[in-house]
Number of protein chains: 4
Amino acid sequence: MEQHAIGTSPKIEARRSKIIRAAQKVFAQKGFYEATISDVAREAGISDATIYEYFTSKEELLFSIPGETARDALKNMKNILDHIIDTPNKIHAIIYAFLSFYRDNPDYASIAMLILKQNKNFLETQVYQDIRQLARLIYEVIQCGMDQGELRKDIDPLVVRSVILGSIEHLVIRWLMLGKPNDPVIYSKEITDIILKGVMF
Amino acid sequence: MEQHAIGTSPKIEARRSKIIRAAQKVFAQKGFYEATISDVAREAGISDATIYEYFTSKEELLFSIPGETARDALKNMKNILDHIIDTPNKIHAIIYAFLSFYRDNPDYASIAMLILKQNKNFLETQVYQDIRQLARLIYEVIQCGMDQGELRKDIDPLVVRSVILGSIEHLVIRWLMLGKPNDPVIYSKEITDIILKGVMF
Amino acid sequence: MEQHAIGTSPKIEARRSKIIRAAQKVFAQKGFYEATISDVAREAGISDATIYEYFTSKEELLFSIPGETARDALKNMKNILDHIIDTPNKIHAIIYAFLSFYRDNPDYASIAMLILKQNKNFLETQVYQDIRQLARLIYEVIQCGMDQGELRKDIDPLVVRSVILGSIEHLVIRWLMLGKPNDPVIYSKEITDIILKGVMF
Amino acid sequence: MEQHAIGTSPKIEARRSKIIRAAQKVFAQKGFYEATISDVAREAGISDATIYEYFTSKEELLFSIPGETARDALKNMKNILDHIIDTPNKIHAIIYAFLSFYRDNPDYASIAMLILKQNKNFLETQVYQDIRQLARLIYEVIQCGMDQGELRKDIDPLVVRSVILGSIEHLVIRWLMLGKPNDPVIYSKEITDIILKGVMF
DNA sequence: AATGAATGAGGGTTCATTCAT
DNA sequence: CATGAATGAACCCTCATTCAT
């Protein structure tokens, strides 16, 4: 017999998940404000009212989209980095992981890059803390690389992280908005190359 | 005697400009969707209806915000680059110019980074073409640097540009959303440093 | 051995009663329209759906509140009046009984005075008939007093009853809405005094 | 040339007045909660949105109904009382004035007796203060009658007022709800008679 | 008998936009 | 030209009610 967390059941979780997936798709396609709860409900194959049984507001629904995905991504990233020893390879892994994750989850990418990033209320969310941890992880990789003499000492890890994440985000947004290139992952090698050259001796 | 385009007068232009400045301020503060035409009208000290004498829709008003500012920025950038010979200094000039421009025009930055960037309709705008020219300019600087042997040959100018713009944007958005650091320009030196090391021999 | 009406059991009755008491409290506090079935269910410690096992609609639940209370009050009033011979004392007893009953059942008073009294559907209810009987009782006391020469002959019992009930209701509503005076019963003596002087020779 | 209060015009006032009259009618007929803004708008021959140009909420619209009517009634009552010297006649005038006013304004009566009287928010309204003044006026008439030796000294003006208003209200509500009698004013003489006998020596 | 879950129906309110003046 | 005034069109959200379990 399976056990579930108190107050949840597989059925409930499944439906909640279905709503979130529907919201992800709809918000990604039409944007948060252009999309209506009815759109999401229709996509999920349920009624408007049902959405409010699971989420207290449209914004809460939006903020619930990253949820597990973000947690999973964090766990996955940690796992990968644990398997890599040297910093250059770690940086490449980060860049590759981000780019391929976004490519494989374009709706999620849309929402993360184009909707949530500019929402000030999101900053006070629990999920945002998870995402911050991911950022912190990158910071630590760089810091660690400096400590171990793999990277130059005269760099600011925060700036390096900004260069890494900024490059990724710029390319992903370009991909989302213009559809170019077909696969943003093709750039991961070169981005890594430039950045590594930039931060190594 | 000054000459004006047919159908315009300094008075008209002044009012149009007042509306745009009001919109810039209001949209930056509250966001495009949360802000209302009434908010903008109040800020401009005119009536709602008057706005529609100058702009056909709320979105057109939004798209009109970059307008001259973007054109001026493009001109200014061209002018600066014309005065610099070597590519490394040009790249630094670009980074510095962007960062300082955003710092000095935070409302414009908000709108460019957080609102327009995710609007697909904006892509079909004339103003967007001006902004693309700016991007093309950067591309050309890099291309030119490669041709002249200042930069490595094995880089993709598009990727380099993405690294440059992405880094800038990431830091500016961070500054806009979190208020940190006080002055994003402080990073221009280091960003340049990393990127230059990344793309030079 | 106790007997119950077919289809009911003490358990059922107890639960039904619990719901009614919860409804009384909630409706009195928040008003009928502001209160939700969920509020009532929460107060009763049961689920929303269960309420519909006992009552067909929110309004039927409202109309069920007087129920026994009204029947009991009628019985009680009858009993008291049976023990009093002269009309003046009967009138005083009526006024005192109403005021003290409302004071002791403020939630019931709220619902009777502020909610049910203005509901036209309530007029078609069985319970309303019980309440009308109470009114008829008062009418008869006055009529009887006239017949027996205790009260003036040139009065309309209906008007007298209106004066009696109107005075009571006005004071009770004032008490419910403004909280003044602390105890409305203090007025019973004086109301009686004025009315009796008004209707006796 | 006519002058109008700042910020108003006859047109605006006329429309505002039309909305209020429509609301009065609709709320009286269907009750406040059963009635919708659309109902009111339809009755007024305007759109829903227009109502919100004049009133900030449905409740504010409700609270605006007494407005001038209440002020006029107060003025009228004052005027009448000024023309009467002796207290008994004043009391009769009060009772007659109320009953005839309600009879002639049944929609207003409905709203005052059945809707507003039970609304706690209404107590914090400006209009409510006007209505309280009316009540105070009655209080003063009684007080004055006692001082001048026209009424017994052993009565509480507040109770007398409650008897007066309570009787009136009870009869008016009965009339509103049951439609009986055809004309509530017919009772004014007898109510006065009973109450006067009750409070005079 | 009790309820968790779902929903239809509707309602108040907002707001971009129009147009007569 | 500017605007006061009006509104159509939506949208988010609530809630009484139902029904399968």
Side-chain angles (χ1 to χ4, degrees), chain A residues 7-9 11-12 15-16 19 33-41 44-61, chain B residues 7 9 11-12 15-16 19 32-41 44-61, chain C residues 7 9 11-12 15-16 19 32-41 44-61, chain D residues 7-9 11-12 15-16 19 33-41 44-61:
Chain A
T8 70
S9 78
K11 267 245 180 91
I12 292 287
R15 185 161 282 224
R16 193 186 142 88
I19 295 171
Y33 292 96
E34 286 84 2
T36 68
I37 287 289
S38 289
D39 290 335
V40 176
I46 56 168
S47 76
D48 291 28
T50 300
I51 290 180
Y52 286 90
E53 294 282 321
Y54 291 82
F55 305 93
T56 61
S57 71
K58 193 187 178 192
E59 197 174 53
E60 209 227 70
L61 171 56
Chain B
S9 76
K11 260 223 179 126
I12 296 285
R15 185 163 287 219
R16 193 186 142 87
I19 294 170
F32 179 66
Y33 291 97
E34 287 84 3
T36 67
I37 287 289
S38 287
D39 290 334
V40 176
I46 55 166
S47 77
D48 291 27
T50 300
I51 290 180
Y52 286 89
E53 296 284 325
Y54 292 83
F55 305 93
T56 62
S57 73
K58 191 187 178 190
E59 197 172 51
E60 207 228 70
L61 171 56
Chain C
S9 77
K11 257 216 180 134
I12 295 285
R15 186 162 285 221
R16 191 186 143 88
I19 295 171
F32 179 65
Y33 291 96
E34 287 84 1
T36 67
I37 287 288
S38 288
D39 290 334
V40 175
I46 56 167
S47 77
D48 292 27
T50 301
I51 290 181
Y52 286 89
E53 297 284 325
Y54 293 82
F55 305 93
T56 61
S57 72
K58 192 189 179 187
E59 196 172 52
E60 207 226 71
L61 171 56
Chain D
T8 70
S9 79
K11 267 246 181 91
I12 293 288
R15 188 163 281 226
R16 193 185 142 87
I19 295 171
Y33 292 97
E34 288 84 2
T36 68
I37 287 289
S38 289
D39 291 334
V40 176
I46 55 168
S47 77
D48 291 28
T50 299
I51 290 181
Y52 286 89
E53 294 283 319
Y54 292 82
F55 305 93
T56 60
S57 71
K58 192 187 178 191
E59 197 175 51
E60 208 226 71
L61 171 57

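Below, chain A is the first sequence line, B the second, and so on; all start at residue 1.
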Task: N or O in side chain of R15(B) less than 4.0 angstrom from dC1(F) OP1/OP2 - done: no
TODO: Measure across A44(D) and I19(D) and return the closest heavy-atom pair with its distance rounded to 0.1 Å.
DONE: CB-CA, 4.3 Å
- [ ] Could you tell me whether T50(A) contacts a base, only the sugar-phosphate backbone, or nothing, with contacts defined as non-hydrogen atoms closer than 4.0 Å?
- [x] base
Task: Separation of atom CD1 in I12(A) from atom P in dT3(E), rounded to whole Å - done: 17 Å
Open item on the list: Both T56(B) and Y52(D) contact DNA chain E. Taking the nearest nucleotide for each, which residue is further toward the 5' end?
Closed with: Y52(D)
TODO: Grab the CG-P distance between D48(D) and dG8(F) for me, whole Å please.
DONE: 9 Å
Open item on the list: Given dG11(E), dT3(F), dA16(E), identify the nucleotide with an atom nearest to the side chain of T36(D).
Closed with: dG11(E)
TODO: Provide the closest heavy-atom pair for A41(C) versus S47(C) in the form atom of the first, atom of the second, distance.
DONE: CB-C, 3.7 Å
TODO: Under a 3.5 Å limit for both distances, which nucleotide forms a Watson-Crick or G-U wobble pair with dT7(F), could you say?
DONE: dA16(E)
Open item on the list: Without decimals, in angstroms, what is the distance between E60(D) CD and dT13(E) P?
Closed with: 10 Å
Open item on the list: Once you apply a heavy-atom cut-off of 4.0 Å, does Y54(A) come out as touching a base, just sugar-phosphate, or nothing?
Closed with: sugar-phosphate
TODO: Hey, which sits more toward the 5' end of DNA chain F by its nearest nucleotide, G45(D) or A35(A)?
DONE: G45(D)
Task: Protein-nucleotide distance (I19(B), atom CD1; dA2(F), atom C1'), rounded to Å - done: 11 Å
TODO: Assign A41(A) to base, sugar-phosphate, or nothing according to its heavy-atom contacts below 4.0 angstrom with the strands shown.
DONE: nothing
Task: Gap separating the NZ atom of K58(D) from the OG1 atom of T36(D), nearest 0.5 angstrom - done: 7.0 Å
TODO: Could you work out which one of dT3(E), dT13(E), dG11(E) sits closest to the side chain of E53(C)?
DONE: dT3(E)
Task: K58(B) or A49(C), whichever maps to the more 5' nucleotide of DNA chain E - done: A49(C)
Task: Heavy-atom check, side chain of Y54(B) versus side chain of I12(B), under 4.5 Å - done: yes
Task: Where D39(C) and E34(C) come nearest, the two heavy atoms and their spacing - done: OD2-O, 4.1 Å
TODO: May I have the distance from I51(B) (atom CD1) to dC19(E) (atom P), rounded to whole angstrom?
DONE: 18 Å
Open item on the list: Can you identify which nucleotide, out of dT3(F), dT3(E), dA16(F), has its nearest atom closest to the I37(C) side chain?
Closed with: dA16(F)
Open item on the list: Among T50(B), I37(B), L61(B), which residue satisfies the side-chain contact (heavy atoms from CB on, under 4.5 Å) criterion with F55(B)?
Closed with: L61(B)
Open item on the list: Measure CG/D39(A) against P/dA10(F) and give the value in whole Å, please.
Closed with: 12 Å
Open item on the list: Could you tell me how far apart I46(C) (CD1) and dG4(E) (C1') are, to the nearest whole angstrom?
Closed with: 14 Å
TODO: Take E59(A) and S38(C), find for each the nucleotide of DNA chain F with the closest heavy atom, and name the residue whose nucleotide sits nearer the 5' end.
DONE: E59(A)
TODO: Remember a base hit wins even if backbone is also touched, and classify S57(D) as base, sugar-phosphate or nothing at under 4.0 Å, heavy atoms.
DONE: sugar-phosphate
Open item on the list: Please pick, from dG4(F), dC19(F), dG12(E), the nucleotide with the shortest atom-to-atom distance to any side-chain atom of S47(B).
Closed with: dG4(F)
- [ ] Find the partner of dT21(F): check Watson-Crick (N1-N3 plus N6-O4 or O6-N4) and G-U wobble (N1-O2, O6-N3) distances, both under 3.5 Å, and reply none if neither fits.
- [x] dA2(E)
